[in-house]
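Taking it in order: structure first as structure tokens, then the write-up.
Because only heavy atoms are used, hydrogens play no part in the values below, and waters and symmetry mates are left out as well, while side chains stay in.
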Amino acid sequence: QVQLVESGGGLVQAGGSLRLSCAASGRTFSSYTMGWFRQAPGKEREFVAGISWTGASKYYADSGKGRFTISRDNAENTLYLQMNSLKPEDTAVYYCAAREIGGVTQRRDEYAYWGQGTQVTVSS
């Protein structure tokens, strides 16, 4: 199995940027499809972006298209989410997740491993 630890969250003004990181340990990181999800207070956890194990395929929820970029460094066992032009509605706890078999999916129950989350707060 793989262990995931997110970092890089914080408080930022609207229009600002943040780069989230997810450090992986345990089984070979490069064998996992990875995803970023977020959960705002009172809302369900939702898909933000996903990336195939090679990094060749990337998918985004409509909410982040054109603003967010997912990437991975398999040599460093790290997943990233670059978030630009942040909006107050992006405020949430952001989680990285790993899927052992299969490609990117928006279904959170398809991801077996999760980090503890990192808080992102965007002020207006």
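Across all non-hydrogen atoms, the minimal contact from T91 to A40 is O-CB, 3.7 Å. Nearest approach of L11 to S123, heavy atoms of both residues: CD1-CB, 4.4 Å. Residue A24 comes nearest to L4 through the heavy atom pair CB-CD2, 3.8 Å, listed as atom of the first residue, atom of the second, then distance. Closest of all the heavy-atom pairs between G115 and E6 is CA-OE2, 3.2 Å. Closest approach of R67 to S85, counting heavy atoms only: NH1-O, 3.0 Å. Contact record, V2 with A98: CG1-CB, 3.9 Å, taken as the closest heavy-atom pair.
Separating the OG1 atom in T54 from the CZ atom in R72 is a distance of 8.0 Å, to the nearest 0.5 Å. For the atom pair OG1 (T28) and CG (N77), the distance works out to 8.0 Å, reported to the nearest 0.5 Å. Note that CZ of F29 is 5.0 Å distant from CG of L79, once rounded to the nearest 0.5 Å. The distance from the CD atom of Q119 to the CD atom of Q39 is 11.0 Å, given to the nearest 0.5 Å. Interatomic distance, M83 CE to S17 OG, rounded to the nearest 0.5 Å: 9.0 Å. For the atom pair D109 CG and R45 CZ, the distance stands at 12.0 Å (nearest 0.5 Å).
No donor-acceptor distance shorter than 3.5 angstrom exists from the side chain of E100 to the backbone of Y32, with no hydrogens or angles considered. Under a 3.5 Å cut-off, the side chain of K58 and the backbone N or O of I70 do form a donor-acceptor pair.
Clustering ILVMFWY residues whenever any of their side-chain heavy atoms sit less than 4.5 angstrom apart, transitively, puts V120 in the very cluster that holds L81. Both I51 and Y113 are members of a single hydrophobic cluster when ILVMFWY side chains are connected at heavy-atom separations under 4.5 Å. Placement of M34 and V104 in two distinct hydrophobic clusters is found when ILVMFWY residues are connected by side-chain heavy-atom separations under 4.5 Å, directly or transitively.
Remark: E89 pairs with K87 by the side-chain contact (heavy atoms from CB on, under 4.5 Å) rule, at least two apart or across chains. Partners of F37 according to the ring pair (Phe, Tyr, Trp, His ring centres under 6.0 Å) rule, which considers only residues two or more places apart in sequence or in another chain, are F47, Y111, W114. Annotation: side-chain contact (heavy atoms from CB on, under 4.5 Å) contacts of A23 (sequence neighbours excluded): none. With sequence neighbours excluded, the residues satisfying side-chain contact (heavy atoms from CB on, under 4.5 Å) with S7 are S21. Taking E110 as the reference, R99 meet the side-chain hydrogen bond (donor to acceptor under 3.5 Å, both in side chains) condition, with sequence neighbours excluded. Here R108 pairs with E44 under the salt bridge (charged side-chain N to carboxylate O under 4.0 Å, His left out) rule; sequence neighbours left out.
Sorted by first and then second residue, the disulfide bond (SG atoms under 2.5 Å apart) pairs involving residues 33-62 (not counting sequence neighbours) form an empty list. Legend: disulfide bond (SG atoms under 2.5 Å apart) pairs involving residues 60-94, not counting sequence neighbours: none detected. Listed by first and then second residue, the salt bridge (Lys or Arg N to Asp or Glu O under 4.0 Å) pairs involving residues 31-40 are R38-E46, R38-D90 (not counting sequence neighbours). Evaluation of the ring pair (Phe, Tyr, Trp, His ring centres under 6.0 Å) test over residues 59-105, restricted to residues two or more places apart or in two chains, returns none. Each disulfide bond (SG atoms under 2.5 Å apart) pair with one or both residues in residues 85-124, not counting sequence neighbours, appears once here: C22-C96. Residue pairs that meet the disulfide bond (SG atoms under 2.5 Å apart) test with at least one member in residues 27-93, sequence neighbours left out, do not exist here.
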V5 and Q3: CA distance, side-chain angles, deciding distance, side-chain contact (heavy atoms from CB on, under 4.5 Å) verdict: CA-CA 7 Å; V5 178; Q3 292 78 42; 5.8 Å; no
Please lay out, stage by stage, how V93 and T118 fare under the test side-chain contact (heavy atoms from CB on, under 4.5 Å). CA-CA 5 Å; V93 178; T118 186; 6.0 Å; no
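Counted within 6.0 Å of CD on Q13, heavy atoms from surrounding residues, nucleotides or ligands total 12 or fewer; the atom is thus considered open.
Donor-acceptor pairing under 3.5 Å is lacking for the side chains of T78 and D73.
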